[in-house]
Amino acid sequence: MPQQDRVEETTTASANPTGSRRAADRPDDERYDPKRVESKWFERWQSDSELYAAEHHSTKRKYYVLEMLPYPSGVLHMGHVRNYSIGDALARYMWMNGYNVLHPMGWDSFGLPAENAAIQNNTPPRQWTLGNIAKMKAQMKRLGFAYDWSREVTTCLPDYYRWNQWFFLKFYEKGLAYRKKSKVNWCPQCATVLANEQVLTNGCCWRHEDTPVEQRALEQWFLRITKYADELLRDLDKLGGWPEKVRTMQRNWIGRSEGALIDFKLDYSQPHTGFGPAGATISVFTTRVDTIYGATSVQLAPQHPMVADLTAASADLRAKVEQLIAEQRKAKEVGDIGEIEKHGVFTGRYAINPFNGEKIPIWVANYIVMDYGTGAIMSVPAHDDRDYEFAKKYKIEIRLVVLPISDDPEETVTEPRLPFVAHEGMLINSGPYSGLECAEAIKTMSAFAEQNGFGKATVTYRLKDWGISRQRYWGTPIPMLYCEKDGIVPVPEKDLPVILPENVEITLAGGSPLGKIPEFVNATCPKCGGPARRETDTMDTFVDSSWYFYRYADAHNDRAPFDSKIARYWFPIDQYIGGVEHAILHLIYSRFWTKFMRDLSLITNDEPVERLFTQGMVIKDGAKMSKSLGNIVSPDEMVARYGADAARLYSLFAAPPDRDLDWQDSGIEGIQRFLGRVFRFVMRNASAGHESVEMLPATSLSPQARQIQRKLHQTIKRVSDDFQGRWHFNTCISAIMELVNALYAYEEACRSTSDNGNHTSAALMAEVQRNLVLLLAPFAPYLAHELWDILGEKGSLLKAPWPRYDAALAKEEELEIPVQINGKLRSRIVVPADASEEFVVERALADEKIQAAIAGKQIVNKIYVPGKLVNIVVR
RNA sequence: GCCGGGAUGGCGAAAUUGGCAGACGCAGCGGACUUAAAAUCCGCAGGUCCGAAAGGACUGUGGGGGUUCGAUUCCCCCUCCCGGCACCA
């Protein structure tokens, strides 16, 4: 019942103007209204397009900070906000530290969603994409991100993608782009080919996680990334500024493996049909050629080209092989090829071990994959887990050829537990190689194979050449022509760009939409002048993002992708920031592209990115934000409710930037409270003392004022250190919060004593406020600019010098030293900061509590860590 | 299986070189202001136990062991969670 009364009272009270008049009477308590402040500054920043422009000719040190460019889906999500808040804070910090900062933004704007939207809404992809860009750009500006928009890159516009085409021609010229009919990954949903990198480990499409990828044979364009495989691997060691995690992922992806190719001749000594040409061989890849005397079968992948010949005689065999293929495909779909039951079938044929002339059976097995090595192995059951399992099942001979080496010759193991897979061992039963150690045997035996023409040492990679053809519309046209007379002919450089036509009917069926436009397809051969057919596939969108950051350096160049001199100034990128989901695809392609450009002498850097930072995801209620879970937090809504500063500051404060951030609305409310506290403090004290912002002599300050000065300098140090070294923005912000808390306590203290109005304190107040605003500037630019104005500062806050701390002023005069007995805290003593060890230990021992605790015990040791603690060891 | 990263109050987290565990914030509780509410300001707060209180004792950083005067931090073993790679020959 009382509650009901209260409701009525509330309603009547809200109509009563008395309360609001009273609030207005007290400007001290003016409420912080982010909407008012932010819209004021938003307007000012809008009208100055040069505000965040990087300098073209500068004597300052350069700093290139880059956030991964977004796909223009139409709306920013919180992950973007977090990513860009980190980059923006860094850019602003570096400006304040006197650098010439390049901080650009652009749009990765080709891709399938635009085509899907076209089908669903009957909107042309270009219109849909450019409309989305406009929306997202407005969101970014509202969030106050300091981008140099004069360098904006939009990858779907001809002034950008013509250089994709130009690069393609260069690749072709250097023999690094080639056309090949090959089995490719085909997603029936996307109706296009996918790169290996776009197929998930469960064999499904990266965009349609439930749709298994099919294999189709198509003519495709490939870029020879494998030419750089070794360098891409080796140079990972140079990337000290990259997360170990990303380097490891790339290492795994490249998957370098040293071994040998060995040719096994087919055995023709028995009757046969369909056994291939006389003298045919099966080439196997092995990392353990030293175990070849233990090989007791050859195993082929079911898709191996020789399988057809080997099984030609028997319909039954062919059916079994089909079964093995089906098993393998199914296992890939399920995602655990390592777990399937091993099956195989004996072909009835034999191969000859070139080392000992022995005839060994040829099998086809479902655990051999065609896309690694040669798709054929020599099976050594005694020294390989998988071969062992298989041999046990099918009763194939298991022959021991390596023994473990023991330090103690008495303890030589002659019957190791099988399979014995360690590389540290000594060969037995291996003809002339018996007695050698594995590593040496590998060298000797590879060399022997090479000398005798049946093998060689080699290296294989998991990394495959990059298939870039896509049978889609919304991408860069591949600048190639097919002439009946001259074959494949590149479009001459002067004819670039090959413009992507508009007004195209888009469906997901029936191959490339470009193929249906005669004006596009029909062209003239530049060599013979006869009719030619234009390539109708477009490029993978990862081409667009492989080099876009070079374009920022010289975004309007219409004679080259960019000027080499300018690129030399800005590259490598000092700091790149983005999601870890791009650790392999985008970042390995970008590294590849950089190495190619270096070989074209366009640039001099070997690597595009000096330091990489992968920020954590933004999650809600412990799960990734998604429409289906209904846990999406909208940046627009957050900005409307709490302001851009609060949204940005919270995304930096709630967790260290490399960890996942669990979004909590109550958390951002706390940040809003904090910003209000800062605002009100400055509103109350802004007029405190403009007369002096000089460093004050410590001696003229009251003890409370001196304490504030000390706290200020400690805070400057902490924020600078955490920003510079560790990138822990959360602790930067909590340090600023502590300073503000101390300022509130100081105000309180001034009110109760007569310190208020004291001249020196007033000057200190001005100094403190000025520095507080500077510290806040990289994180909460709107409020910081407003307060900078209120403090009467005239110069630009954007490039105002970052505050320096004075170590002498930051130093404590007295220290509270914990005193432990046997490592347990027993008391605390206060001593002068410069007290000697003798003094501190003496005072510790004199302490009442310590006296009581050590009474009757013998002191064994006294440990003093200067400025930190005293530990007294007693027995 | 291999590789990388994690595990700290009710929650997000902090502790930078082996030295006071829990800064800062959220949620909570108490107080001030207010007719009332909101807003704001001040204060309390890891857990258990003793005490009216002041205060004190014990315990505590996923689990077990070790090194050390002293371990969230270093070493060994184990559990669980997240991410990557994987019949890779």
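All figures in this text were calculated on a predicted structure; none of them were measured in a lab. Letters A, B, ... mirror the listed sequences (proteins, then strands); counts begin at 1.
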Report the base-pairing partner of [N] (Watson-Crick or G-U wobble, both distances below 3.5 angstrom), or none.
| N | answer |
| --- | --- |
| rG30(B) | rC42(B) |
| rC2(B) | rG84(B) |
| rA13(B) | none |
| rU67(B) | none |
| rA7(B) | rU79(B) |

When all nucleic acid strands are considered with a 4.0 Å heavy-atom cut-off, which category describes [X]: base, sugar-phosphate, or nothing?
| X | result |
| --- | --- |
| K849(A) | sugar-phosphate |
| I368(A) | base |
| R826(A) | sugar-phosphate |
| P656(A) | sugar-phosphate |
| R677(A) | sugar-phosphate |
| N871(A) | base |
| K824(A) | sugar-phosphate |
| Q820(A) | base |
| Y744(A) | sugar-phosphate |
| G670(A) | sugar-phosphate |
| D722(A) | base |

Earlier contact from the 5' end, RNA chain B, for E244(A) and F653(A): E244(A)

For K245(A) and for N861(A), locate the closest nucleotide of RNA chain B by heavy-atom distance; then report the residue assigned to the nucleotide nearer the 5' terminus. K245(A)

Looking only at side-chain atoms of [X], point me to the closest of [options].
| X | options | answer |
| --- | --- | --- |
| R462(A) | rA86(B), rA13(B), rC20(B) | rA86(B) |
| T731(A) | rA15(B), rA89(B), rC69(B) | rA15(B) |
| V369(A) | rC24(B), rC20(B), rC88(B) | rC88(B) |
| M737(A) | rC24(B), rC26(B), rA89(B) | rC24(B) |
| L869(A) | rG19(B), rA86(B), rG12(B) | rG19(B) |
| R31(A) | rA39(B), rG4(B), rC85(B) | rA39(B) |
| L825(A) | rA13(B), rA21(B), rG84(B) | rA21(B) |
| I863(A) | rA7(B), rA89(B), rG19(B) | rG19(B) |
| Y372(A) | rA14(B), rC24(B), rC88(B) | rC88(B) |
| T248(A) | rC87(B), rC3(B), rG83(B) | rC3(B) |

Would you say [X] places a side-chain N or O within less than 4.0 Å of OP1 or OP2 belonging to [N]?
| X | N | result |
| --- | --- | --- |
| S257(A) | rA89(B) | yes |
| N730(A) | rA14(B) | yes |
| R718(A) | rA23(B) | no |
| R673(A) | rA38(B) | no |
| R726(A) | rA15(B) | yes |

Nearest-angstrom distance, [atom1] atom, [N] to [M]:
| N | M | atom1 | answer |
| --- | --- | --- | --- |
| rU17(B) | rC75(B) | P | 14 Å |
| rU73(B) | rC77(B) | P | 16 Å |
| rA38(B) | rG28(B) | P | 12 Å |
| rG22(B) | rG10(B) | P | 15 Å |
| rA89(B) | rG4(B) | C1' | 25 Å |
| rG19(B) | rA71(B) | C1' | 10 Å |
| rU72(B) | rA23(B) | C1' | 15 Å |
| rA21(B) | rG6(B) | P | 24 Å |

Given 3.5 Å as the limit, does a donor-acceptor pair link the side chain of Q615(A) with the main chain of P657(A), or not? no

Judged by atom type as modelled, is there a donor-acceptor pair below 3.5 Å linking the side chain of D465(A) to the main-chain atoms of T226(A)? yes

Angle class for the F723(A)/F779(A) ring planes (parallel below 30°, perpendicular above 60°, tilted otherwise)? tilted

Using 30° and 60° as the class boundaries, would you call the ring planes of F390(A) and Y367(A) parallel, tilted or perpendicular? tilted

Between Q714(A) and E738(A): side-chain donor-acceptor atoms closer than 3.5 Å: no

[atom1] of [X] versus [atom2] of [N]: gap in Å, rounded?
| X | N | atom1 | atom2 | answer |
| --- | --- | --- | --- | --- |
| R247(A) | rC85(B) | CZ | P | 19 Å |
| I821(A) | rC58(B) | CD1 | P | 11 Å |
| Q672(A) | rA27(B) | CD | P | 12 Å |
| R680(A) | rA39(B) | CZ | C1' | 8 Å |
| D371(A) | rC85(B) | CG | P | 14 Å |
| E581(A) | rG5(B) | CD | P | 19 Å |
| D658(A) | rC82(B) | CG | P | 19 Å |
| L261(A) | rA89(B) | CG | C1' | 12 Å |

Checking ring-ring contact (aromatic ring centres under 6.0 Å, His included) for the pair F653(A)/F729(A): CA distance, chi angles, key distance, verdict? CA-CA 6 Å; F653(A) 175 70; F729(A) 308 117; over 10 Å; no

Do other residues, nucleotides or ligands put more than 12 heavy atoms under 6.0 Å from [X] [atom1]?
| X | atom1 | answer |
| --- | --- | --- |
| E244(A) | CD | yes |
| Q707(A) | CD | no |
| K393(A) | NZ | yes |

Pair M638(A)-Y650(A), side-chain contact (heavy atoms from CB on, under 4.5 Å): steps then yes or no: CA-CA 11 Å; M638(A) 289 300 128; Y650(A) 177 67; over 6 Å; no

Would you call rG9(B) syn or anti, using the 90° rule around 0? syn

